[in-house]
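Below, chain A is the first sequence line, B the second, and so on; all start at residue 1. Every value quoted in this text rests on a predicted model; they were computed, and no experiment measured them.
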Amino acid sequence: MTTRAMQEIENLRTVVIKDAWPYWLGAIMLGLANICIFIVTAAPWGVTTTFVFWGAWLYQLVGGHPETWSFFTLQPPMLQALKGGILNHGGSIMNIGIIVGAFLSAAAASQFRFKRIKAGRQVVAALAGGLLMGYGARLAFGCNVGAYFSGIASMSLHGWVFGIFIFVGAYLGSKLLVKYFM
Amino acid sequence: MAEFSLDALGEACPIPLLKVQKKWPDLKGGDVLIIHIDHSCALKNIPEWARKEGHNVEVEEVEDGVWDIYIEKTA
Amino acid sequence: MTEAQTATTLIRRSPATPKKKKSQIGYTLAAIAVVAAIGIFLAQIKVLLSMIWFLGIGLGVILQKARFCFTASLRDPILTGSTSLTRATLIAFAVATVGFAALQFTNLLKGGPVIGNVSPVGIHTAIGAVLFGIGMVISGGCASGTLMRMGEGFAMQWISIITFVIGSVLGAMHFGWWSEHFFNAAPKIYLPGTFGWAGAFFGQLALLGVLYVLATWYEYRKSN
């Protein structure tokens, strides 16, 4: 192997594994990935509905009865999925896959690092933000992925409406962020 | 030719970039601002912003997942 | 980007003191082993689950490598003036629209129902989106972004996932109330049903294109 050939391999390794990919490349790959998910699971990519199940199974662990929640009583397929358990729940497997995939990708670039909390305001922001997103996603039938990305790609009006009002939310959130969390 | 340093370690996006934009008017032409970051998306949006504004940028990885971004203000 | 912008510049500065970097090849190999083992384990239960697992891994890698963040795509135009991620999301929407339309139209031609995420639209969509938008900006990540950053090691996202789940549960418990007052009366509007298949499909792609041009103009409106 010539030095030049080694150099070329090293360059490719840097571009693919070490450096960040361009946004447009990520965009095309996400678009294709969402199509793959639609084909494989018969439904487009969504993230937040799974969080209801995580809460429900945790509640069951402490002796609760999530099957009485109206989300499950009014939606028989959801109740069915609840009884199936986490090992039969594609959404859970996919979400855990995203966490592990991101770890793998950061470690392969030698860029993984545990980032500690720096200030109390970050805890407040994380807790409040999580709560708003969790409840908001239930009202809007999805998040930036399920309602916005998959909703628009499904040519549903709710995706576009979500897209307009998520900007309103982002505007309000930005004002709060600059005022209280910076 | 002063040198300024900005600690944005542990700050989530977009705060590192907002801190840079806030600090920026204090710099004169030729001054250098060094930002310490550990948020990978700041690694992308800070150089992107600085290059768009026409300044010189260099990035150095000082530790696993920690970077120093050097921005030199053009006059 | 012009040559002058990409060329390495020599910035006058005090010498940096690089700390010792260690390779994370150990973590990487361990992660690959775990990914493969879980993939094989799931295939024993159902091959479909194994496929979903690898799709999830792929999504995590794409999101992390491209630093793809829906939150930034919505927030940066407001806060920092950048629309590069906003434009990227428009590309993703266009690519997915083409594939989704093919799947949906095929199913309709076979006499099947409308498939995909077509949900009731109404005031609740607007309220939910606004709440979600505020939350994602202050916590520094939407749903996919939170998962991705958990993998990257951010303690902050490991905290927000707790209330994210609690918020989802509260929403699930109130599902009946919202159904009764909002969801049940709200229509599901499938755009091809309103504008025709060709009209909706090409119209949507054209609209995404117009938004792309608009976003580019917005970012560079102050420069020559």
Side-chain angles (χ1 to χ4, degrees), chain A residues 21 23 26-27 29-31 34-35 44 47-48 51-52 55 69-71 90 93-94 97-99 101-108 110 114-115 117 125-127 129-136 138-141 143-144 150-151 153-158 161-162 165-166 169-170 172-174, chain C residues 24 27-28 31 52 56-57 60-62 64-66 68 70 74-75 78-79 88 91-92 95-97 99-100 116-119 121 124-126 128-135 137-139 142-143 147-148 151-154 156 159-160 163-165 167-169 171-173 175-176 189 191:
Chain A
W21 297 346
Y23 291 142
M29 293 178 78
L30 283 179
N34 203 345
I35 297 169
V47 178
T48 42
F51 294 157
V52 176
W69 300 346
S70 48
F71 180 83
I93 290 167
M94 184 168 290
I98 293 174
I99 300 174
F103 170 78
L104 175 65
S105 160
S110 287
F114 183 71
K115 282 110 171 161
I117 294 285
L127 291 173
L131 199 64
L132 288 169
M133 285 193 284
Y135 202 82
R138 284 306 94 220
L139 299 192
F141 288 87
C143 59
N144 284 341
S150 296
S154 299
M155 293 187 276
S156 169
L157 184 64
H158 91 290
V161 171
F162 186 92
F165 285 94
I166 191 82
L172 297 173
S174 299
Chain C
Q24 297 184 334
Y27 287 167
T28 313
I52 292 174
I57 298 289
V61 171
I62 298 168
Q64 202 280 333
K65 281 288 17 153
F68 207 94
F70 285 98
L74 296 155
R75 166 203 73 201
I78 297 158
L79 267 184
I91 295 174
V95 171
T97 299
F100 278 33
N117 283 7
V118 183
S119 303
V121 57
H124 56 272
T125 316
V130 170
L131 292 180
F132 195 89
I134 298 171
V137 172
I138 61 176
S139 83
C142 64
L147 295 173
M148 183 241 302
E152 277 190 295
F154 287 94
M156 196 171 163
I159 294 177
S160 69
T163 46
F164 208 145
V165 168
S168 304
V169 165
M173 293 165 92
F175 183 83
I189 297 179
L191 296 175

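By the 4.5 Å heavy-atom criterion applied to side chains, A:Ile35 and C:Phe100 are counted as neighbours. Counting only heavy atoms from C-beta outward, the side chains of C:Gln64 and A:Phe103 never approach each other to under 4.5 Å.
Here the closest non-hydrogen pair linking C:Ile62 and A:Trp21 is CA-CZ3, 4.1 Å.
Chosen from C:Ala143, C:Ala129, C:Ser139, C:Ala31, the residue pairing most often with chain A at heavy-atom distances under 4.5 Å is C:Ala129. Chain A forms more heavy-atom pairs under 4.5 Å with one residue of C:Ile159, C:Val130, C:Leu79, C:Ile91 than with any other, namely C:Val130. By number of non-hydrogen pairs under 4.5 angstrom with chain A, the leading residue of C:Asn117, C:Val137, C:Leu131, C:Thr28 is C:Asn117. Between chain A and the residues C:Met148, C:Arg75, C:Glu152, the most heavy-atom pairs under 4.5 angstrom are made by C:Glu152. Ranked by heavy-atom pairs under 4.5 Å with chain A, the list C:Leu147, C:Val95, C:Val121, C:Ile189 is led by C:Leu147. The choice from C:Ala172, C:Gly99, C:Gly116, C:Ala88 that makes the most heavy-atom pairs within less than 4.5 Å of chain A is C:Ala172.
Between A:Leu157 atom CG and C:Ser119 atom OG the span is 11.5 Å, to the nearest 0.5 Å. The distance from atom CD1 of C:Ile57 to atom CD1 of A:Ile93, rounded to the nearest 0.5 Å, is 11.0 Å.
Distance alone, capped at 3.5 Å, is enough to place a donor-acceptor pair between the A:Ser70 side chain and the C:Gly176 backbone. Not one N or O on the side chain of A:Ser156 forms a donor-acceptor pair closer than 3.5 Å with the backbone of C:Val118.
Judged as a side-chain hydrogen bond (donor to acceptor under 3.5 Å, both in side chains), and not counting sequence neighbours, the contacts of A:Tyr135 are C:His174, C:Trp178.
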